[in-house]
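Numbers here simply count residues along the sequence, with the first being 1.
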Amino acid sequence: MSLIRQALARTAPTMQFTARRWVSSQDGGPIDPSTALARPDELEQRNKLSGKITVPVEVNLAPISGVPEEHLKDRRVRIHMPPKNAMQSGTDNINTWQIEFDNRERWENPLMGWASTGDPLSNMNVKFGSKEEAITYCERNGWRWFLDGDLKPKKERVKNYGINFSWNKRTRVSTK
């Protein structure tokens, strides 16, 4: 007997041909060839792999981050929106959030006079697309965080060149 006949005999004892396809009397639907030709141990393995993997909500990445433990304990992180560059007038990169660590011990290098530190996280600035992403990152690494400078809605100003020449008594300035 061919493999297809064995598979059909194994999956459905009674088969009938209706409307251009084989229909089983057990389920009433078409047979999937990948499952019909598979061995029982292969089907069991597919069922195991088709399940979802659940990750616990509380994930602490501090033990595997590679940062010494004395730099992870009692660490405070400031989450803020960095100010816009004063030299640029554009609005690019103004909707990002950034984290900064509190300063640990620093000293002046006696040879060159440079500022030195033994803290590997003091110069790390990470940017995020939203405040929630930054908070989640801090909580996963086990750092205490605080928000600095939430968004304040700005008052909309009318900005167009024609207002400079409008004929209004309040805005008209004498040129004499």
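A 6.0 Å sphere centred on CH2 of Trp114 holds no more than 12 heavy atoms belonging to other residues, nucleotides or ligands.
Relative orientation of the Tyr137 and Phe128 rings is tilted, given thresholds of 30° and 60° on the angle between their planes.
Annotation: the span from Phe101 atom CZ to Arg75 atom CZ amounts to 6.0 Å, rounded to 0.5 Å. The CE atom of Met124 sits 9.5 Å away from atom CG of Asp119, with the distance rounded to the nearest 0.5 Å. A distance of 11.0 Å separates CG of Leu49 from CD of Glu44, quoted to the nearest 0.5 Å. Here CG of Asn141 is found 11.0 Å from OG1 of Thr136. Values are rounded to the nearest 0.5 Å. For the atom pair NZ (Lys131) and OG1 (Thr96), the distance works out to 14.0 Å, reported to the nearest 0.5 Å. In this structure, the separation between CG on Asp148 and CD on Glu100 is 9.0 Å, given to the nearest 0.5 Å.
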message = Assess the residue pair Trp97 and Leu147 against the criterion (side chain to side chain contact (heavy atoms under 4.5 Å, CB included)); give the C-alpha distance rounded to whole Å, side-chain angles, the decisive distance to 0.1 Å, and a yes or no.
response = CA-CA 10 Å; Trp97 289 80; Leu147 287 175; 4.3 Å; yes
query = Can Asp102 and Arg78 be said to form a salt bridge (charged side-chain N to carboxylate O under 4.0 Å, His left out), step by step?
reply = CA-CA 7 Å; Asp102 57 347; Arg78 174 182 166 226; over 6 Å; no
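Cys138 and Ile79 get closest at one heavy-atom pair: SG-CD1, 4.1 Å. Looking at every heavy atom in both residues, Leu121 comes nearest to Trp143 through CD1-CZ2, 4.3 Å. Considering all non-hydrogen atoms of both residues, Trp107 and Thr117 come closest at CH2-C, 3.6 Å.
Between the side chain of Glu133 and the backbone N or O of Gly129 there is at least one donor-acceptor pair closer than 3.5 Å.
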